[in-house]
Asks: 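Have a look at the structure that comes next, please.
One-based numbering, in listed order, for ligands and for the atoms of each.
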Amino acid sequence: MKLKASAILLAGGKGIRMGESVPKQFLPLAGRAVILHSLEKFEACDAISEIILVLPEDKIDFFNQEILSHRIFHKLKKQTVGGVTRQDSTNSGFQWVDSTVDVVIVHDVARPLVSSETIQECVRVAYEAGASLAASPASDTIKECNEQGEVVATHSREKIFQAQTPQAARYEILKEALEGAYEEGFQGTDEASLIERIGKTVKVVVTESSNIKLTRPSDFVFAESILNSLK
Ligand code: CTP
Ligand code: MG
């Protein structure tokens, strides 16, 4: 069965930790803006039927004139304004999603190295299990500490994963999770945490650690070296 998925691409942040005057999603990576890399990945993916792009309110004109310019993305259905938190931005994008899709997939534009395989697999697993997220196995042993910085527990590494995006869910499940979070004043840092809260299964799609998020300047150096090694 061919699944139909709507993608919410999150580019509504300010990129404070990057320390540049322009938010990181608009900075160049290997010759073109980070946001274009992410748009291209989702545009090219068979399972994706539409893209909702979430942008900072004061950057919509800049994005269209300076970054998007003459480029055409056929699946880009809507540009909308983000909110104060990442969750607010997801919720804002969700309002424009075609309610007949099988799955909604949310992705941080700041992760431009995501592979088509990961996107497809997140959609497929979300449809089967209800919800999914890309994650990489922890490579270090994880210590849990108290407020004094004293170790109180050591967690078995085999069960620890680092959450990334994409994060996907069946349309109805993400709707229920978002509505529940706002009704109860809950803010989560990712979609999975909202879905876990309502007691639904979220399944991990194991990805390469190269699906990095561009957070600080050194991440651009790392991302460019990964892109060069793929050439
Ligand atoms: N994001 C968003 N709306 C927000 C906050 C974040 O759409 N209110 C998006 C960012 O644009 C990014 C992704 O969510 O693609 C992951 O967030 P993060 O890496 O934290 O980006 P920023 O919030 O922009 O960076 P910082 O936290 O350093 O300010
Ligand atoms: Mg942030």
Asks: Please tell me if the side chains of Thr80 and Leu55 come closer than 4.5 Å, counting only heavy atoms from C-beta onward.
Replies: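 Sidechains of Leu55 and Thr80: no contact.
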Asks: Can you tell which part of Thr215 has a heavy atom less than 4.0 Å from ligand 1: side chain, backbone, both or neither?
Replies: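 Thr215 to ligand 1: no contact under 4.0 Å from either part.
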Asks: Should the pair Glu121-Arg124 be classified as a salt bridge under the 4.0 Å nitrogen-to-oxygen rule?
Replies: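 Result for this pair is yes, salt bridge flagged.
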Asks: Tell me, which protein residue and heavy-atom name are nearest atom 29 (O) of ligand 1, and how many Å apart are they?
Replies: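 Checked against all protein heavy atoms, atom 29 (O) of ligand 1 sits closest to Ile16 N, 2.7 Å.
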Asks: Quick one: do Arg86 and Asp108 make a salt bridge, cutoff under 4.0 Å?
Replies: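 Looking at Asp108 together with Arg86, the answer is yes, because their closest N to O distance falls below 4.0 Å.
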Asks: Counting non-hydrogen protein atoms only, what is the nearest one to atom 10 (C) of ligand 1? Give residue, atom name and distance.
Replies: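 Heavy-atom neighbour on the protein nearest atom 10 (C) of ligand 1: Gly13 N, 3.7 Å.
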Asks: List the atom of Ile212, the atom of Pro112, and the distance in Å for their closest heavy-atom pair.
Replies: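 Heavy atoms of Ile212 and Pro112 come nearest at O-CD, 4.5 Å.
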Asks: Taking non-hydrogen atoms only, is Ala11 closer than 4.0 angstrom to ligand 1 via side chain, backbone, both or neither?
Replies: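 Only the backbone of Ala11 comes within reach of ligand 1.
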Asks: Heavy-atom contacts with Gly12 under 4.0 Å: which atoms of ligand 1 show up? List them by number with element.
Replies: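 Matching atoms, with element in brackets: 2 (C), 3 (N), 4 (C), 7 (O), 11 (O).
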Asks: Identify the closest protein heavy atom to atom 3 (N) of ligand 1: which residue and atom is it, and at what distance?
Replies: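 Result: Ser89 OG, 2.7 Å.
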Asks: Ala135 and Val204: which non-hydrogen atoms are nearest, and at how many Å?
Replies: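 For Ala135 and Val204, the tightest heavy-atom pair comes out as CB-CG1, 4.0 Å.
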Asks: Could you state whether Leu10 and Leu27 fall into the same hydrophobic cluster, counting links through intermediate Ile, Leu, Val, Met, Phe, Trp or Tyr residues with side-chain heavy atoms under 4.5 angstrom apart?
Replies: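 No, because Leu10 and Leu27 fall into different hydrophobic clusters, even though each may have its own neighbours under 4.5 Å.
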Asks: Does some side-chain heavy atom of Tyr171 sit less than 4.5 Å from a side-chain heavy atom of Asp102?
Replies: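 No; the side chains remain at least 4.5 Å from each other.
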Asks: Please write down residue, atom name and distance for the protein heavy atom closest to atom 21 (O) of ligand 1.
Replies: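 Minimum-distance protein heavy atom for atom 21 (O) of ligand 1 reads Lys24 NZ, 3.1 Å.
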Asks: Tell me, which protein residue and heavy-atom name are nearest atom 8 (N) of ligand 1, and how many Å apart are they?
Replies: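 For this ligand atom, the closest protein heavy atom is Gly83 O, 2.9 Å.
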Asks: Val84 near ligand 1, heavy-atom distance under 4.0 Å?
Replies: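 Val84: in contact with ligand 1 (<4.0 Å).
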Asks: In the complex you have, is atom 18 (P) of ligand 1 within reach of the protein, judged by whether a heavy-atom distance drops under 4.0 Å?
Replies: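 Protein heavy atom within 4.0 Å of atom 18 (P) of ligand 1: present.
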Asks: Students should be able to answer this: which protein heavy-atom is nearest to atom 27 (O) of ligand 1, and at what distance?
Replies: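 Answer, as residue, atom name and distance: Arg17 NH2, 2.9 Å.
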Asks: Could you work out, for atom 14 (O) of ligand 1, the closest of Asp108, Thr165, Thr189 by heavy-atom distance?
Replies: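 That would be Asp108.
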Asks: Which of the numbered atoms in ligand 1 are under 4.0 angstrom from any heavy atom belonging to Val109?
Replies: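 Every atom of ligand 1 under 4.0 Å from some heavy atom of Val109: 15 (O).
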Asks: Stepwise, does the side chain to side chain contact (heavy atoms under 4.5 Å, CB included) test hold for Phe161 with Ser136?
Replies: CA-CA 5 Å; Phe161 289 85; Ser136 65; over 6 Å; no
Asks: Determine whether Phe73 and Leu68 make a side-chain contact, defined as any pair of heavy atoms from C-beta on separated by less than 4.5 Å.
Replies: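 With C-beta onward as the side chain, the pair touches.
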Asks: As a check for students: among Leu214, Thr90, Ile8, Leu10, identify the option with a heavy atom nearest to atom 12 (C) of ligand 1.
Replies: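 The option holding the nearest heavy atom is Leu10.
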Asks: Does even one non-hydrogen atom of Arg111 get within less than 4.0 Å of ligand 1?
Replies: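 Distance cut 4.0 Å: Arg111 fails for ligand 1.
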Asks: Please indicate whether any nitrogen or oxygen in Gly15 is less than 3.5 Å from any nitrogen or oxygen in ligand 1.
Replies: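 Min N/O separation from ligand 1 is below 3.5 Å for Gly15.
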Asks: Would you call the rings of Phe26 and Phe62 parallel, tilted or perpendicular if under 30° counts as parallel and over 60° as perpendicular?
Replies: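 Aromatic pair Phe26/Phe62 classed perpendicular.
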